[in-house]
A.B. asks: 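Right, I'll just put the structure down here and ask away after.
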Amino acid sequence: MKQYRVGIVGATGMVGQRFATLLANHPWFQVTALAASHRSSGKPYAEAVNNKWCMETEIPSTLRDMIVLDAVSDVEKIASAVDFVFCAVDMNKEDIRALEERYAKAECPVVSNNSAHRQTPDVPMVIPELNAQHLEVIPAQKKRLGTKHGFIAVKSNCSLQSYVPALFPLSKFGVKDVLVCTYQAISGAGKTFDTWPEMVDNIIPYIGGEEEKSELEPLKIWGHVEGEKIVTASSPKFTAQCLRVPISNGHMGAVFVRFEHKPTKKEILDTWASFKGKPQELELPSAPKQFLHYFVEDDMPQTRLNRNLEGGMAISIGRLREDTQYDYKFVCLSHNTLRGAAGGAVELAELLCAQGYMD
């Protein structure tokens, strides 16, 4: 496979740090540019991160002394040094939209962790195992932007990656109504227990904008490419309640689902066990061998035990049973900064490379 030069825009934040650790020894990607806010620009990466480093492993030695560029004022310089960038900046949505389009128009593809472009009709929002075909809209986006090479592709909200992967393969039974309650780790807010001591022994029953994302974004994933845009699906119907819980990493979802054609429990379990997506077919470096893992034990999956399954890229499911109001209920779990954020974006970039979109 061809080697690609990549940049991390927003390299000092929690997701940017996760990108740094994932890309340090990646077989296809070499980090050749780091960028952050003007406060960090001009400093070696280790100095710019300073005491904000919150990964389990140390700062990669290859990046420690790399000088951080200004994510906003050095766009052309960064674009000339890389084949594409990962973007995980902390800015308001309007500014992020404008910045990502600047990179794309500088002929630098953007693989974004941000939410700013998730509802842009010609920007694919992809969970690689589920809706890889949405990448077909990229030529239409390039036409709108006036680019030959530059475009934007995004990953979905982190909490969706726990329950949508379990539901999507069941579409053949007509997924009709979904109620989900998510229990989301503090790293999803870019925090640790050191920086957010108020979360110790506490639950906050509100995460700003999360419930709206949880109800809208799945419909784009269920949608289809038509002409020059992705047409959002009208079903399934989603309703969500999202809670912040005192967990470092790992988002859990409690799911209740109603079908048009109710399957048997065995049919659901067989569907999960046999499901493979494009990343498994292409054997992408970050792809889990078994995307969906079902645990038969009544007290599984558990966040601390299972969030790192297959490098944090697999989905854990358990407690499938019939419900008194819906057809079935179950719980599921994903690692929110791996599968849900940086890892999902790296896998998306691998898919884009494997299918020629980065060439």
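The structure displayed is predicted, hence computed values, not measured ones. FYI, side chains are in, hydrogens and waters are out, and symmetry mates aren't considered; it's all heavy atoms of this structure.
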A.B. asks: Do S159 and N157 have a side chain donor and acceptor closer than 3.5 Å?
C.D. replies: yes
A.B. asks: Just by modelled atom types, is the D299 backbone N or O under 3.5 Å from a matching donor or acceptor in the E297 side chain?
C.D. replies: no
A.B. asks: Pair L243, I204 - check side-chain contact (heavy atoms from CB on, under 4.5 Å), show working.
C.D. replies: CA-CA 6 Å; L243 292 78; I204 298 176; over 6 Å; no
A.B. asks: So for atom NZ, which belongs to K262, do other residues, nucleotides or ligands contribute more than 12 heavy atoms lying within a distance under 6.0 Å?
C.D. replies: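 More than 12 within 6.0 Å, yes.
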A.B. asks: Going only through I, L, V, M, F, W and Y residues with side-chain contacts under 4.5 Å, is there a path from M313 to L282?
C.D. replies: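 Looking at the clustering, L282 is in a separate group from M313.
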A.B. asks: Kindly determine whether M300 and L305 satisfy side-chain contact (heavy atoms from CB on, under 4.5 Å), including the steps that lead there.
C.D. replies: CA-CA 9 Å; M300 298 287 276; L305 298 180; 4.2 Å; yes
A.B. asks: Are the side chain of Q280 and the backbone N or O of P288 linked by a donor-acceptor pair below 3.5 Å?
C.D. replies: yes
A.B. asks: Enter the distance from I317:CD1 to I268:CD1 here, rounded to the nearest 0.5 Å.
C.D. replies: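 These two atoms lie 10.0 Å from each other.
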A.B. asks: Indicate, with yes or no, if F29 and V111 share a hydrophobic cluster defined by side-chain heavy-atom contacts under 4.5 Å among Ile, Leu, Val, Met, Phe, Trp and Tyr.
C.D. replies: yes
A.B. asks: Looking at every heavy atom in both G253 and V180, which two are closest together, and how far apart are they?
C.D. replies: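 Looking at all heavy atoms of both residues, the shortest contact is CA-CG2, 4.4 Å.
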A.B. asks: Please confirm whether the backbone N or O of R307 pairs with a side-chain atom of N249, one donor and one acceptor, at under 3.5 Å?
C.D. replies: no
A.B. asks: Do the charged groups of D83 and R5 touch, with an N to O distance under 4.0 Å?
C.D. replies: yes
A.B. asks: Would a distance-only check, ignoring hydrogens and angles, find a side-chain to backbone donor-acceptor pair under 3.5 Å from T264 to E267?
C.D. replies: yes
A.B. asks: Within the structure provided, determine whether N308 and L338 are in side-chain contact (heavy-atom separation under 4.5 Å).
C.D. replies: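 They are in side-chain contact.
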A.B. asks: Locate the shortest heavy-atom distance separating M358 from C353; write the atom from each residue and the value.
C.D. replies: CG-SG, 3.6 Å
A.B. asks: How far apart are the C-alpha atoms of H293 and E310, what are their side-chain angles, what is the distance that settles it, and do they pass the side chain to side chain donor-acceptor pair (under 3.5 Å) test?
C.D. replies: CA-CA 10 Å; H293 289 250; E310 293 213 47; 2.9 Å; yes
A.B. asks: Does the cation-pi check pass for K172 over F259, that is, NZ or CZ under 6.0 Å from the six-membered ring centre and within 45° of its axis?
C.D. replies: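 Output no; distance or angle outside limits.
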A.B. asks: Taking only Lys NZ, Arg NE, NH1 and NH2, and the carboxylate oxygens of Asp or Glu, determine whether R244 and E198 approach each other closer than 4.0 Å.
C.D. replies: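 No.
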A.B. asks: To the nearest 0.5 Å, what is the distance between CG (N336) and CG (L160)?
C.D. replies: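 So the gap between those two atoms works out to 13.0 Å.
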A.B. asks: Could you walk me through whether V346 and H26 satisfy the side-chain contact (heavy atoms from CB on, under 4.5 Å) test, starting with their C-alpha distance in whole Å, then the side-chain angles of each, then the deciding distance to 0.1 Å, before giving a yes or no?
C.D. replies: CA-CA 10 Å; V346 171; H26 195 280; 3.8 Å; yes
A.B. asks: So which heavy atom on G7 is nearest to which on V82, and how close?
C.D. replies: N-CG1, 3.6 Å
A.B. asks: Answer yes when K143 and E228 have at least one side-chain N-carboxylate O distance shorter than 4.0 Å, and no when they do not.
C.D. replies: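 Salt bridge flag = yes for E228 with K143.
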A.B. asks: Using modelled atom types and a 3.5 Å cut-off, is there a donor and acceptor pairing between side-chain atoms of S274 and backbone atoms of D270?
C.D. replies: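 A pair under 3.5 Å: yes.
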A.B. asks: Among residues two or more places apart or on two chains, list those pairs meeting ring pair (Phe, Tyr, Trp, His ring centres under 6.0 Å) that have a residue in residues 94-152.
C.D. replies: none
A.B. asks: Do other residues, nucleotides or ligands put more than 12 heavy atoms under 6.0 Å from the CG atom of D201?
C.D. replies: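 12 or below, so no.
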A.B. asks: Determine the minimum heavy-atom distance between S40 and V68, stating which atoms define it.
C.D. replies: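 Closest pair (atom of S40, atom of V68, distance): O-CB, 3.6 Å.
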A.B. asks: Verify the distance criterion only: is there a donor paired with an acceptor across the side chains of H251 and Q161 at less than 3.5 Å?
C.D. replies: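 No - no donor-acceptor pair under 3.5 Å links their side chains.
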A.B. asks: Using every non-hydrogen atom in the two residues, find where N113 and A88 come nearest and quote the distance to one decimal.
C.D. replies: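 Distance-wise, the nearest heavy atoms are CB-CB, 4.2 Å.
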A.B. asks: Quick one: do E100 and S112 satisfy side chain to side chain donor-acceptor pair (under 3.5 Å)? Show the steps, please.
C.D. replies: CA-CA 8 Å; E100 290 182 343; S112 178; 2.5 Å; yes
A.B. asks: Regarding T337 and R18, is there a side-chain donor-to-acceptor distance under 3.5 Å anywhere?
C.D. replies: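 There is such a pair between these side chains.
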A.B. asks: Does atom CG (N25) have a neighbourhood of more than 12 heavy atoms from anything else shown, all under 6.0 Å?
C.D. replies: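 Count not over threshold, so no.
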A.B. asks: To the nearest 0.5 Å, how far apart are OG in S61 and CZ in R64?
C.D. replies: 8.5 Å
A.B. asks: Does the side chain of Q184 come under 3.5 Å of the side chain of E210 through a donor N or O and an acceptor N or O?
C.D. replies: yes
A.B. asks: Taking atom types as modelled, is there a side-chain donor on Q30 or Q3 under 3.5 Å from an acceptor on the other?
C.D. replies: no
A.B. asks: For atom CG of D70, is the number of surrounding heavy atoms from other residues, nucleotides or ligands below 6.0 Å larger than 12?
C.D. replies: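 Count over threshold, so yes.
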A.B. asks: Does the pair S234 and L219 meet the rule for a side-chain contact (heavy atoms from CB on, under 4.5 Å), with working shown?
C.D. replies: CA-CA 7 Å; S234 56; L219 298 177; over 6 Å; no
A.B. asks: So, the side chain of T192 versus the backbone of T195: is there a donor-acceptor pair under 3.5 Å, distance only?
C.D. replies: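 Between the backbone of T195 and the side chain of T192 there is a qualifying donor-acceptor contact (under 3.5 Å).
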A.B. asks: Tell me if the CD atom of E94 is crowded by more than 12 foreign heavy atoms within 6.0 Å.
C.D. replies: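 Check fails, neighbour count at 12 or below.
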A.B. asks: In terms of hydrophobic clusters joined by side-chain contacts under 4.5 Å, are W28 and L352 together?
C.D. replies: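 W28 and L352: one cluster.
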A.B. asks: Within the supplied structure, the quantity of interest is the number of heavy atoms (other residues, nucleotides, ligands) at a distance under 6.0 Å from K289 NZ; does it exceed 12?
C.D. replies: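 12 or below, so no.
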A.B. asks: Taking everything shown except K229 itself, do over 12 heavy atoms lie less than 6.0 Å from its NZ?
C.D. replies: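 At most 12 heavy atoms, drawn from other residues, nucleotides or ligands, come within 6.0 Å of this atom.
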A.B. asks: Would K148 and E107 pass as an ion pair if we require N to O under 4.0 Å?
C.D. replies: no
A.B. asks: How long is the straight-line distance from CZ of F238 back to CD of E215, given to the nearest 0.5 Å?
C.D. replies: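 So the gap between those two atoms works out to 9.5 Å.
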A.B. asks: To the closest 0.5 Å, what do you measure between CD (E129) and CD1 (I315)?
C.D. replies: 8.0 Å
A.B. asks: So, do F275 and Q290 sit near enough that their side-chain heavy atoms are less than 4.5 Å apart?
C.D. replies: no
A.B. asks: Tell me if a side-chain donor or acceptor on R102 pairs with a main-chain N or O of V72 at a distance below 3.5 Å.
C.D. replies: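 A pair under 3.5 Å: yes.
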A.B. asks: Any chance CG of D359 has more than 12 other-residue heavy atoms, nucleotides or ligands included, within less than 6.0 Å?
C.D. replies: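 Count over threshold, so yes.
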A.B. asks: Using 0.5 Å steps for rounding, measure from the CG atom of L216 to the OG1 atom of T232.
C.D. replies: 8.5 Å
A.B. asks: Could you pull out all residues at least two apart from K220 that satisfy salt bridge (Lys or Arg N to Asp or Glu O under 4.0 Å)?
C.D. replies: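 Residues passing salt bridge (Lys or Arg N to Asp or Glu O under 4.0 Å) with K220: none at all.
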A.B. asks: Looking at V200, is its backbone amide N or carbonyl O close enough to the side chain of W196 to form a donor-acceptor pair, meaning the two atoms are under 3.5 Å apart?
C.D. replies: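 A pair under 3.5 Å: no.
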A.B. asks: Is the NZ or CZ atom of R319 both under 6.0 Å from the centre of the six-membered ring of F330 and within 45° of that ring's axis?
C.D. replies: no
A.B. asks: Same cluster or not: are Y328 and Y326 linked, directly or through other Ile, Leu, Val, Met, Phe, Trp or Tyr residues, by side-chain heavy atoms under 4.5 angstrom apart?
C.D. replies: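 No, because Y328 and Y326 fall into different hydrophobic clusters, even though each may have its own neighbours under 4.5 Å.
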A.B. asks: Of I67, I59, D65, which meets side chain to side chain contact (heavy atoms under 4.5 Å, CB included) against Y45?
C.D. replies: I59
A.B. asks: Could you tell me whether R144 and E101 have a side-chain N and a carboxylate O separated by less than 4.0 Å?
C.D. replies: yes
A.B. asks: Looking at every heavy atom in both L179 and C181, which two are closest together, and how far apart are they?
C.D. replies: CD2-SG, 4.2 Å
A.B. asks: I'd like to know if the side chain of D323 reaches the main chain of Q325, judged simply by a donor and an acceptor atom lying under 3.5 Å from each other, with no hydrogens or angles considered.
C.D. replies: yes
A.B. asks: Does I221 share a hydrophobic cluster with F173, counting links as ILVMFWY side-chain heavy atoms below 4.5 Å and allowing steps through other members?
C.D. replies: yes
A.B. asks: Quiz question: by atom type and distance under 3.5 Å, do the side chains of S286 and E350 form a donor-acceptor pair?
C.D. replies: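 Result is yes, a qualifying pair exists.
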